[in-house]
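Below, read A as the first sequence line, B as the second, and so on, with proteins coming before strands; counting in each chain starts at 1.
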Number of protein chains: 2
Amino acid sequence: MTIKEAKQQFIQSWGAIGTQWGVNKTMAQIHALLLVSNGPLSTEEIMEQLSISRGNANMNIRELMEWALVDKVFKAGERRDFFIAEKDIWRVARQVAKIRKKRELEPIIRLLDQIENIEGVKNEELKTFLKLLHDVRRLALNAERLIDGIVKSEENWFWGRVFKLFTK
Amino acid sequence: MTIKEAKQQFIQSWGAIGTQWGVNKTMAQIHALLLVSNGPLSTEEIMEQLSISRGNANMNIRELMEWALVDKVFKAGERRDFFIAEKDIWRVARQVAKIRKKRELEPIIRLLDQIENIEGVKNEELKTFLKLLHDVRRLALNAERLIDGIVKSEENWFWGRVFKLFTK
DNA sequence: TTCTACTTTCAATAAATATTGAAACTTTAT
DNA sequence: ATAAAGTTTCAATATTTATTGAAAGTAGAA
């Protein structure tokens, strides 16, 4: 396998994996393309390499910038925008964790806050239901705390601790 | 809010949250319905309460059983199937972690295994690319190990340790 | 075996999501 | 100011994913 083929493979697969992760294929592919490219790429180059339209490229680049996985850079004497990806994979992971926390965990907590006050006699049924709500809330809060920890940690520190967690 | 309304709200929102989590709405709603129901429910009852077709109900119940979040139970003297949800939320979380690991992490590791042997001179470009592949692999393996740890742990033990992790 | 109650499958259809491409908009150079 | 180069938006369209419902399949009772 040549390096060119390997990069192509990486881009294709990153796209496929992205869909499993609930991010759209093009977004994941652009991210992969920028990860494996040496220098910054223009919108034109991204469009060409991935065979996608200008609109599609634009929208997904913008979303990647919102996720803080991609930055816009300027080249001296060039009018158009160029883009680079964050190459520090641990930083990428922390960023993704942060965003998924917001999208996946926070809605649960908001939901549970909303359901708080239930009228009615405190019979078996209500007690069971309240226990469920309480358990889900506790889990969500703990998971949130874990992610906050991850987001704040240095890579080596974090995995070092996790390693100890499960061996000693 | 009455308990009935609260349960309704829970089911609707669990469905909406499910879509964020990449599971289909109906599957999440059936899960929620079974979680808040006191006894086992038949396919008919699920269809009626969620206003969905028989085929839809059947397929999603089956998938929930594959995920090991729902079990089939038999009632004495009843011919049709009844279903219950696993109510231990920590067990549910572990189960979901296990499945998402398989769907989201394992493909990455498989991908990287596949790209291993790249021909060509060991220039700057190749070195940078290999570093990327290596970093992604290390992250995926570490995340996998973390999830394996979660899957094997008792709830209190796990969160107790995580709590210590980020305070001391 | 046939009838009946129930479950599963799957082609057709609906709904949700992603993509295109051209028009509108913005910015810089002249 | 106007033109040129580049960017953004968004209605139309294509693609993917979920859902329906009826037909085929299964298993227990008579």
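- C:dA18 atom P lies 9 Å from atom CD of A:Glu63, rounded to whole Å.
- Taking B:Ile109 as the reference, B:Asp113, B:Ala140, B:Leu141, B:Glu144 meet the side-chain contact (heavy atoms from CB on, under 4.5 Å) condition, with sequence neighbours excluded.
- In this structure, A:Phe10 and B:Leu132 have side chains that are in contact, with non-hydrogen atoms separated by less than 4.5 Å.
- In terms of the side-chain contact (heavy atoms from CB on, under 4.5 Å) criterion, residue partners of A:Ser53 (sequence neighbours excluded) are, by chain and number, A:Asn56.
- Taking 4.0 Å as the cut-off between side-chain N and carboxylate O, A:Asp148 and A:Lys152 do not count as a salt-bridged pair.
- Rounded to a whole Å, the CD1 atom of B:Ile46 is 17 Å from the C1' atom of D:dT20.
- Checked against salt bridge (charged side-chain N to carboxylate O under 4.0 Å, His left out), B:Arg100 has the following partners two or more places apart in sequence or in another chain: A:Glu104, B:Glu104.
- Ring planes of A:His31 and A:Trp14: tilted class, angle from 30 to 60°.
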Can you name the atoms? Protein N/O to nucleotides 5-12 of chain D N/O, anything below 3.5 Å, with the distance.
from, atom 1, to, atom 2, distance (Å)
D:dA5, O4', A:Arg79, NH2, 3.3
D:dA5, N3, A:Arg79, NH2, 3.1
D:dT7, OP1, A:Asp81, N, 2.6
D:dT7, OP1, A:Asp81, OD2, 3.4
D:dT8, OP2, A:Asn58, ND2, 2.3
D:dT9, OP2, A:Arg62, NH2, 2.7

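- Within residues 22-41 of chain A, no residue approaches DNA chain D, by heavy-atom distance under 4.0 Å.
- Within 6.0 Å of the CD atom in B:Glu48, the count of heavy atoms belonging to other residues, nucleotides or ligands does not exceed 12.
- A:Ile52 has its CD1 atom 11 Å from the C1' atom of C:dT20, to the nearest Å.
- In this structure, the CD1 atom of B:Ile61 is 13 Å from the C1' atom of C:dC6, given to the nearest Å.
- With sequence neighbours left out, B:Arg94 forms a side-chain contact (heavy atoms from CB on, under 4.5 Å) with B:Trp90, B:Ile150.
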